[in-house]
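Single-structure report; data block below.
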Amino acid sequence: MSSQEIPADIANEVNDLRHRIDEANYRYYVENEAHIPDADYDQLMRRLEALEAQYPALVTPESPTQRVGAPVAGDFASVTHSVRMLSLDNAFSDEELSAFVKRAATRLGSDPESLAFCCEPKLDGLAVSLLYRDGILVQGATRGDGSTGEDITHNVRTIDSIPLKLFGNDVPSLLEVRGEVFIGQHGFERMNERARQENGKVFANPRNAAAGSLRQLDASIARQRPLEFFAYQVAQLEGAEWADTHSEMMARLRALGFRSNPELAIVQGASGVIGFCQRMGERRASLDYDIDGAVLKIDSLAQQAELGFVSRAPRWAIAFKFPAEEKMTTLKGVEFQVGRIGTLTPVARLEPVQVAGVTVTNATLHNMDEVSRLDARIGDQVIVRRAGDVIPQIVQVVIDQRPDDTHEIVMPSHCPVCGSQIERLEGEVAARCSGGLFCPAQRKESLQHFASRKALDIDGLGEKLIDVLVEREMVKTPADLFGLGVAELAELPRMAEKSAGNLVAALDKARSTTLARFIYAIGIREVGEATAAVLANRFGSLEALMSAALEQLMSVPDVGPIVARHIHTFFRQQVNVDTVKALQQAGVHWAEVESADRPQPLEGQTWVLTGTLEQLTRDEAKERLQQLGAKVAGSVSKKTFCVVAGPGAGSKLAKAEQLGVEVIDEASFLERLAGIERDAAWR
Ligand code: 9MJ
């Protein structure tokens with residue numbers, strides 16, 4: 001066949017491939033999101049390269065094989081790279097690595113086994129160029145399409161591992177350093193955790209987070225992100241001699257103040273290169289940053305110069321790519337798991353798929369916000385990622401492959417474990433089971449809370465014992481605790497007749513409590529010790545609290561609409577009502593609190609106790625304040641009404657003075673308290 005005759009189906013296939021690659025490039029480079037799995041992308045590119053090699057007449061300047069990366073996004077100043085920022089050719093197997101070594105050795109006329117390579121892990125971050133004039137950082141730029149990038153000087157200046165001024169006396173007049181900006185695993189987890197708490201943007205992976213940070217016009221955002229930099233190449237050097245080898249250049253960069261990868265190693269020949277790639281595959285999971293392979297460079301700069309370039313990549317370097325960690329599969333369904341504190345997590349059930357050597361059938365979807373962010377529906381084609389020991393995640397929904405008959409993912413209205421109502425409050429990411437103390441999924445945690453010092457204060461009922469009691473199904477609800485006998489307890493691990501007897505005695509003592517402690521102990525969401533005390537004072541009896549209308553609850557000082565809703569929902573769950581009754585039947589009781597319309601002269605005031613009190617204990621002081629309707633808090637803020645400071649008061653006293661909050665000593669406190677109590681009794 002002559003080169004002019006191009007079969008129509010080949011021409012069509014080439015067009016189709018270009019369209020798909022261009023689109024994937026655009027999404028990845030411009031929009032910073034994965035469109036199709038890397039492995040599929042590589043396959044498309046290879047097929048296109050093969051067809052173009054076979055039919056050179058089909059090659060056009062616009063073909064994705066003829067350029068690096070993708071268009072520059074418009075919002076930053078452009079930077080023209082004086083030396084093009086190259087991409088690297090890829091190798092996917094030991095055979096391809098050997099072939100690369102052999103090709104280079106043949107061109108150089110040298111022995112392949114003695115050829116030296118400088119090797120390092122291939123970071124999965126963003127390539128940047130840093131320009132230094134007379135030792136001062138003057139420009140930072142993204143790679144862009146390899147010829148033109150974006151000026152991100154303002155953002156790179158915020159990265160601690162990038163020197164603003166070079167170290168030492170041998171500073172070149174011009175230096176262009178290239179390397180990778182990335183975010184490590186720990187930094188990534190911390191920044192996402194903070195984002196979740198502050199309802200900020202949660203990123204799917206460290207690469208997206210790093211890309212998103214560098215693309216900010218406001219450098220203060222980049223400053224808050226844990227961006228890091230590893231240098232890996234010198235592109236321009238003036239006013240200093242080049243070294244003989246790449247590894248020597250890397251040593252000089254370190255001396256000038258740059259970070260380089262500590263895994264960097266020099267090896268010889270194909271066996272050395274293959275061995276390094278294997279070691280990196282093994283080290284991968286224990287590194288703090290994501291890598292997707294290894295980069296292998298001929299160490300001698302003279303040999304690099306001799307080998308030169310072929311179109312878009314150097315002949316002296318290659319990127320070894322690990323087997324794909326991302327695969328496409330079908331989202332078959334979603335189940336909801338209930339965590340220890342009642343948080344519901346949607347878990348994706350997947351058509352089983354092999355990812356990086358392991359069969360994946362489930363992946364976490366984190367929460368409903370993530371489901372919306374992904375726009376995932378049951379029946380969708382999704383990209384699953386599994387890296388190291390990390391739980392498999394869905395990173396992307398392939399929207400263009402969405403079948404017609406997909407189903408929406410719906411949060412259940414009732415807990416799949418205990419049947420209680422599910423609550424998701426406005427402004428909160430997590431949805432939770434309202435069963436609290438009574439949901440089996442939350443049993444251990446809530447029993448610990450029930451027995452804790454500020455709740456029913458059950459001496460000797462610790463975490464380990466609770467685990468055993470729950471696992472042996474001896475205790476399901478807190479009421480069951482009061483039915484435990486000495487004999488059955490004595491048979492448990494680490495228990496004996498005496499300790500069992502002590503526990504039963506402690507339970508007996510705990511039966512006699514206060515209404516405030518009881519309200520705190522039953523574990524209504526967001527009802528802490530202070531709120532429980534306010535509620536006890538206000539309502540006077542458990543029955544009154546249980547039947548309180550939402551408006552009544554909201555009118556209590558310090559009980560906002562969210563907490564009011566939690567309380568209201570809690571007592572509308574039959575399981576909760578039943579267990580409260582069971583506790584009372586088991587003998588849990590408290591002294592009647594005087595009627596709810598008892599005067600509350602300190603209502604709406606927040607007091608703080610600090611330092612040592614001599615005339616009465618902290619708990620006594622607190623109780624007396626609460627009886628008068630005050631809230632007692634642990635820290636000082638603008639809202640604090642008064643601070644009682646005894647000897648040894650420290651930072652709380654200083655804070656109060658700084659905020660201009662009233663501070664009194666114990667003697668004036670007692671005097672004032674007595675006066676208020678007298679007045680209240682008269683009313
Ligand atoms: C990465 N991504 O870690 C190069 N790279 O060198 C390393 N990339 C590179 N080197 C020349 N370590 C072009 C790209």
Side-chain angles (χ1 to χ4, degrees), residues 28-29 38 41-42 67-69 81-92 97 100 104 117-130 141-147 149 159 161-162 175-184 205-207 210-211 214 227-237 242-243 245-251 253-254 258-267 273 276-277 279-281 283-284 287-301 303-305 307-322 325 387:
Y28 189 73
Y29 287 106
D38 284 352
Y41 177 87
D42 290 334
R67 66 180 166 105
V68 185
H81 298 299
S82 339
V83 179
R84 267 174 70 85
M85 284 186 86
L86 302 164
S87 65
L88 299 174
D89 273 337
N90 294 322
F92 296 92
L97 284 173
F100 158 72
F117 292 87
C118 183
C119 311
E120 57 186 285
K122 183 172 184 299
L123 264 81
D124 195 11
L126 285 104
V128 302
S129 145
L130 304 173
T142 63
R143 191 175 77 167
D145 65 2
S147 304
I159 302 174
S161 46
I162 292 180
L175 174 72
E176 184 189 348
V177 174
R178 289 171 183 175
E180 206 82 354
V181 168
F182 63 98
I183 290 180
N205 57 56
R207 192 192 178 280
L214 285 185
L227 294 165
E228 299 183 52
F229 178 78
F230 276 147
Y232 58 60
Q233 195 74 25
V234 176
Q236 295 189 73
L237 181 67
W242 285 84
T245 62
H246 174 69
S247 47
E248 174 56 26
M249 287 308 291
M250 293 305 297
L253 287 183
R254 282 191 291 277
F258 293 95
R259 234 176 126 201
S260 68
N261 198 303
E263 308 289 328
L264 192 125
I266 297 163
V267 303
V273 161
F276 181 85
C277 293
R279 280 200 300 285
M280 281 307 117
R283 299 266 298 118
R284 185 180 192 181
L287 297 174
D288 184 50
Y289 43 85
D290 282 349
I291 64 172
D292 58 356
V295 176
L296 318 149
K297 297 172 184 170
I298 291 208
D299 198 29
S300 153
L301 295 184
Q303 288 179 331
Q304 285 192 6
L307 286 166
F309 302 86
V310 53
S311 71
R312 65 195 178 102
R315 285 202 190 87
W316 43 263
I318 199 154
F320 173 76
K321 290 280 208 69
F322 292 137
E325 288 196 318

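All ligand and atom numbering here is 1-based and tracks the order in the structure.
Atoms of ligand 1 lying under 4.0 Å from any heavy atom of Glu180, numbered from 1 in the order shown and given with element: 2 (N). When each atom of ligand 1 is checked for a heavy atom of Pro121 under 4.0 Å away, the hits are 3 (O), 12 (N). Taking every heavy atom of Glu120 and a limit of under 4.0 angstrom, the matching atoms of ligand 1 come to 12 (N).
Atom 13 (C) of ligand 1 has as its closest protein heavy atom Leu88 CD2, 3.7 Å. Looking only at heavy atoms of the protein, atom 4 (C) of ligand 1 is closest to Tyr232 CE1, 3.2 Å.
In summary, of the residues considered (Cys119, Cys277, Cys118), a side-chain contact (heavy atoms from CB on, under 4.5 Å) with Val267 occurs for Cys119 alone.
A side-chain donor-acceptor contact under 3.5 Å links Ser129 and Glu176. Using modelled atom types and a 3.5 Å distance limit, the side chains of Ser147 and Arg84 yield a donor-acceptor pair. A donor atom on one side chain and an acceptor atom on the other are found under 3.5 Å apart for Gln233 and Lys297.
Among residues two or more places apart in sequence or in another chain, the side chain to side chain donor-acceptor pair (under 3.5 Å) test is passed with Asn261 by Tyr289. With sequence neighbours left out, Asp89 forms a side chain to side chain donor-acceptor pair (under 3.5 Å) with no residue at all.
Ligand 1 lies out of reach of Gly179, whose nearest heavy atom is not under 4.0 Å from it.
Distances from atom 10 (N) of ligand 1 to the heavy atoms of Gln233, Arg178, Lys297 show the closest one on Lys297.
At least one N/O-N/O distance between Leu123 and ligand 1 falls below 3.5 Å.
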